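Model, not experiment: these values are computed from the prediction. Just so you know, ligand 1 is whichever comes first in the structure, and atom 1 is the first atom listed for that ligand.
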Amino acid sequence: MKLDPTALRYLSRDEFRVLTAVEMGMKNHDLVPRELVTNIAALRHGGAEKMLQTLLRHKLLHHEGKGFDGYRLTTLGYDYLALRAFLAKGLISGVGTKIGVGKESDIFLVENEQERVMVLKLHRLGRTSFRKIKSKRDYHGKRGHPSWIYLSRLASQKEFAYMKALHEAGFPVPEPIEANRHCVLMSLLTGWPLHTVLEMVEPERCMQAMLDIIIRLAKCGLIHGDFNEFNVAVSKEDSSQIVMYDFPQMVSMNHPNAKMYFDRDVDGVFRFFRLRFDVDTTAFDRPEYETLLAARERSLDVEVGASGFSKQENQDFETEMEKERMKPHEEINDEDDDEDDEEDNEEDNEDGGQKEGSGEAVKALESGMRKVALRDDAKEGVDEDDPKLAGGPGDADEEGDGSSTDEQAKADDQRRRERVQKEVARRIRKQMQSGKTSRNTVKSRERRKVKESMLEW
Ligand code: ADP
Ligand code: MG
């Protein structure tokens with residue numbers, strides 16, 4: 001996936017409003033009916049037609065015309081919403097080359113006005129379920145699966161929350177700067193990704209540093225869950241200086257499969273140093289799950305869990321992550337990621353996969369930095385446009401556990417709103433499919449109803 005920021009500078013406030021309206025509509029729809037987009041956007045001068053055309057032309061939206069008239073965000077469209085937020089906050093002012101492709105992410109260099117080079121990680125989760133949706137053409141029913149927007153956003157929230165907690169606790173991780181939607185802005189890490197290192201002076205020190213991190217994490221109640229040469233960078237000068245990254249799959253020492261994940265992380269380290277650097281790994285003490293479980297000093301797992309997500313969100317996400325964690329690394333890396341070609345028509349050739357995370361290679365890449373800026377009007381109202389977790393599995397996250405009357409009433413109300421919404425969408429669709437009515441003649445009463453149901457989102 002490329003991230004061409006060129007069009008960002010041309011988009012108007014209204015075009016961003018319409019783009020955000022589609023994002024909000026995707027909370028309950030895989031494909032957002034045109035009427036709903038218009039209603040959510042509520043533009044001062046009525047129709048959103050022109051904006052929709054512009055957004056389509058820039059490939060920020062995808063339009064599905066067969067059988068149903070609706071829109072969804074493309075990956076680029078979602079990227080633009082996040083970029084806009086970072087730009088409006090003055091956190092970035094330039095977007096550079098892609099320096100990494102992870103299993104479920106794209107990593108770009110970015111910079112700010114002071115020319116500080118940082119890293120933007122864009123999470124790309126849930127493309128598999130996206131594929132399934134497409135084949136079923138099941139757009140209108142209540143969403144029974146989490147969408148890619150929702151999952152990618154949760155991945156970024158979870159990653160940011162852990163990165164922050166670990167950074168504050170003094171672990172060697174990139175400095176977390178800000179998160180928005182599916183993106184995490186962080187410092188550029190120093191050192192070389194371990195999997196690219198073929199020769200090392202004193203690899204034993206690097207191995208011990210990795211085991212020490214596993215132990216320290218465990219004492220804080222945590223397992224990295226994917227702690228291997230792909231997620232650790234090592235300093236060129238000092239092999240005991242390492243930085244770890246990639247946290248969406250972090251898991252608690254109390255997770256039902258914790259021992260398995262813990263042992264897998266440990267085994268990976270032993271195997272890597274034995275095979276790559278011919279280290280005599282029998283000389284090392286093997287960290288033991290049970291011992292460390294009893295030696296807990298802190299509960300970062302609980303602290304982060306309590307700060308970030310609701311229970312429901314956590315559960316949804318963990319269900320997906322469990323699948324991710326179960327995949328062996330090779331399989332993950334080989335996964336194709338051109339699902340969006342239909343709408344994006346982009347070629348990936350120039351990126352060429354993983355590259356070094358620092359040093360001369362990055363210096364060369366930094367020259368590819370392109371300045372970006374928003375139009376003045378497009379800077380307005382960015383925060384209010386950032387909807388809460390769009391694209392979740394229905395609105396289950398808002399229904400509570402139904403134990404109190406208040407919550408029961410809220411849930412009933414929610415269900416009522418959804419029924420109204422569904423019914424109106426059905427009627428609009430029917431009228432438009434029959435060809436007798438153009439979308440402009442859909443009764444204003446129905447429009448109002450849709451709007452009412454949208455108000456409390
Ligand atoms: P994924 O979850 O998709 O595996 P990672 O966080 O592991 O994503 O990032 C993928 C690759 O991008 C890494 O292997 C590394 O080479 C590079 N990368 C990630 N974060 C940074 C950073 N802060 N600085 C430099 N390179 C990074
Ligand atoms: Mg990784």
Side-chain angles (χ1 to χ4, degrees), residues 1 3 75 92 96-112 116-128 148 151-164 166-167 171-179 182-197 210 224-236 241-251 264-265 268 272 317 320-321 323-325 327-337 348 351-366 369:
M1 289 289 305
L3 181 55
T75 331
I92 64 171
T97 328
K98 176 148 82 174
I99 57 162
V101 194
K103 51 185 162 43
E104 297 287 351
S105 74
D106 290 320
I107 314 279
F108 286 85
L109 288 181
V110 291
E111 69 173 10
N112 64 9
R116 175 184 179 191
V117 176
M118 297 162 288
V119 159
L120 189 66
K121 176 167 176 179
L122 299 97
H123 288 268
R124 315 274 189 213
L125 235 82
R127 290 183 194 181
T128 322
W148 60 274
L151 291 173
S152 305
R153 187 170 177 140
L154 284 177
S156 128
Q157 286 192 342
K158 183 172 172 187
E159 173 142 275
F160 189 70
Y162 274 111
M163 215 188 277
K164 238 174 125 178
L166 293 170
H167 192 252
F171 280 89
V173 300
E175 175 203 347
I177 300 170
E178 178 93 341
H182 59 318
C183 300
V184 178
L185 183 64
M186 63 181 106
S187 64
L188 176 67
L189 57 86
T190 52
W192 298 87
L194 192 52
H195 71 102
T196 66
V197 178
M210 283 183 74
H224 184 285
D226 197 13
F227 194 67
N228 52 47
E229 65 275 21
F230 292 96
N231 293 322
V232 169
V234 58
S235 151
K236 219 176 181 179
Q241 290 296 311
I242 61 172
V243 182
M244 66 169 158
Y245 40 91
D246 199 358
F247 308 106
Q249 73 293 319
M250 294 272 296
V251 62
R264 195 171 69 180
D265 279 0
F272 176 74
F317 186 68
E320 287 303 309
M321 267 301 138
K323 294 183 216 155
E324 289 302 322
R325 276 192 292 260
K327 291 186 198 167
H329 212 280
E330 294 72 19
E331 185 195 330
I332 292 162
N333 270 336
D334 286 346
E335 217 160 68
D336 75 313
D337 83 335
D348 234 351
D351 299 313
Q354 299 240 1
K355 297 195 179 94
E356 294 81 356
S358 74
E360 287 102 59
V362 165
K363 289 237 163 51
L365 294 169
E366 280 172 20
M369 202 70 76

If I apply the N/O under 3.5 Å rule, does [X] come out as touching ligand 1?
{"X": "P248", "result": "no"}
{"X": "I99", "result": "no"}
{"X": "E159", "result": "no"}
{"X": "N231", "result": "yes"}

**Q.** Metal proximity, S105 vs the Mg ion (ligand 2), N/O/S cut-off 2.8 Å
**A.** no

(Q) Using a distance threshold of 2.8 Å, state whether an N, O or S atom of D226 lies below it from the Mg ion (ligand 2). (A) no

Enumerate the atoms of ligand 1 whose separation from the nearest heavy atom of [X] is less than 4.0 angstrom.
{"X": "F230", "answer": "14 (O)"}
{"X": "P193", "answer": "16 (O)"}
{"X": "M186", "answer": "23 (N)"}
{"X": "K121", "answer": "1 (P), 2 (O), 5 (P), 6 (O), 8 (O)"}
{"X": "L188", "answer": "24 (N), 25 (C)"}

(Q) As a test of understanding, state which of K158, Q157, H182, E159 forms a side-chain hydrogen bond (donor to acceptor under 3.5 Å, both in side chains) with H123. (A) E159

Q. Touching ligand 1 at all, A233? Heavy atoms, strictly under 4.0 Å?
A. no

Q: Please work out which of L189, L120, L122 has its closest non-hydrogen atom nearest to atom 21 (C) of ligand 1.
A: L189

